[in-house]
J.: 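Pasting a structure below so you can have a look.
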Amino acid sequence: WEAPADARYQDILYHQAEHIAKITINRPEVRNAFRPQTVRELIDAFHRAHMDPEIGVIILTGAGELAFCSGGDQRIRGHEGYKDEAGVEHLNVLELQRQIRTLPKPVVAMIAGYAIGGGHVLHLICDLTIAADNARFGQTGPRVGSFDAGFGAGLMARTVGLKKAKEIWFLCRQYDAQEALDMGLVNTVVPLAELEAVTVDWCRQMNRLSPTALRVLKSAFNADTDGLAGIQELAGNATALFYTTEEGQEGRNAFLEKRAPDFGRFPRRP
Ligand code: 1HA
């Protein structure tokens with residue numbers, strides 16, 4: 001892994017290799033809980049990976065073997081959210097959730113140890129999850145006075161089914177890696193020592209496939225659930241592909257050449 005010189009962060013790490021970006025939440029002393037600054041840096045790092053044409057797949061993980069992420073840092077939770085350095089309270093992880101969901105490259109959660117609370121929702125949002133055999137999953141909201149009634153509830157129900165999703169939220173139990181696999185919450189479980197090797201292997205496999213096909217498929221999975229915003233994502237891909245055709249370019253050329261467009265030569269396909 002190489003760390004680009006200009007990707008300097010306090011709460012996270014950014015690495016890249018072989019067209020893969022690896023973003024690591026680096027607060028192991030609090031089981032990788034996030035504060036507003038952590039989330040701000042994650043948004044910046046995901047934007048970087050999104051915009052970098054060298055990057056095809058992104059890994060999200062946590063530092064150490066004890067936790068992927070334990071959700072919001074409870075020590076700085078104020079009346080309305082999580083307090084930043086200036087005392088302003090945020091729920092900016094919701095913006096991060098939307099970003100991971102809509103950026104047009106696969107995002108893989110690589111999980112050793114706990115994925116809990118808002119950290120559990122982050123892995124749920126990722127496109128794929130690879131769990132080490134020591135991984136533990138669960139929501140704590142109703143116990144610590146919180147809830148995620150957005151993707152945290154709706155996407156959970158679509159992922160594991162309504163009954164199981166309600167059990168996860170209503171009982172606040174923890175589930176081990178095998179239980180998570182059995183309920184479709186993760187894609188595979190591997191020995192802890194093989195976690196990164198297997199994750200990188202999955203990323204390599206995706207990087208060998210058509211980036212446009214993966215991109216349109218990711219937006220298609222969102223279109224199914226995200227209403228008009230989801231259709232917008234899928235439709236943006238249709239427009240981008242149309243721009244690459246002669247038919248799409250004829251409209252632009254005619255405008256620039258100040259003549260009437262000639263669409264007559266393009267087929268009206270059945
Ligand atoms: O619900 C939302 C949101 C909803 C809508 C919109 C935005 C949201 C944003 C966030 C969230 C949430 O994330 S709510 C859920 C918040 N998270 C939790 O309730 C999990 C709290 N942590 C635990 O349950 C456990 O620490 C653990 C199962 C992850 C690990 O247990 P373990 O291995 O026994 O370690 P533990 O001793 O508990 O923790 C190690 C250290 O890390 C402790 O600090 P120390 O005593 O050494 O000083 C512990 O306090 C600290 N720590 C762990 N998790 C957090 C934390 N400190 C602050 N915040 C944490 N989340």
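Order of appearance sets the numbers: ligands from 1, and atoms from 1 within every ligand. Just so you know, these numbers use all the heavy atoms, side chains as well, and skip hydrogens, waters and symmetry mates. Note that the structure is predicted; figures quoted are calculated from it, not measured.
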J.: Tell me whether the rings of Tyr9 and Tyr14 are parallel (<30°), tilted (30 to 60°) or perpendicular (>60°).
T.: tilted
J.: I'd like a table of donor-acceptor pairs (distance under 3.5 Å, sequence neighbours excluded) in which one partner is a side-chain atom from residues 153-163, with atom names and distances.
T.:
{"residue": "Thr159", "atom": "OG1", "partner": "Leu155", "partner atom": "O", "Å": "2.6"}

J.: What pairs with Glu196 under side chain to side chain donor-acceptor pair (under 3.5 Å), at least two apart in sequence or on another chain?
T.: Trp1, Lys22
J.: For ligand 1, list the protein residues that place a heavy atom within a distance below 4.0 Å of one of its atoms, sorted by chain and number.
T.: Glu29, Val30, Arg31, Ala33, Phe34, Ser70, Gly71, Gly72, Asp73, Gln74, Tyr82, Leu91, Val93, Leu94, Tyr114, Ile116, Gly117, Gly118, Thr140, Val144, Ser146, Phe147, Gln174
J.: Check Thr129, Val108, Ile12, Ile100 against Leu60 for a side chain to side chain contact (heavy atoms under 4.5 Å, CB included) and give me the one that passes.
T.: Ile100
J.: More than 12 foreign heavy atoms under 6.0 Å from CZ of Phe147: is that the case here?
T.: no
J.: Looking at residues at least two apart in the chain, or sitting in another chain, which of them share a side chain to side chain contact (heavy atoms under 4.5 Å, CB included) with Phe242?
T.: Thr245, Glu247
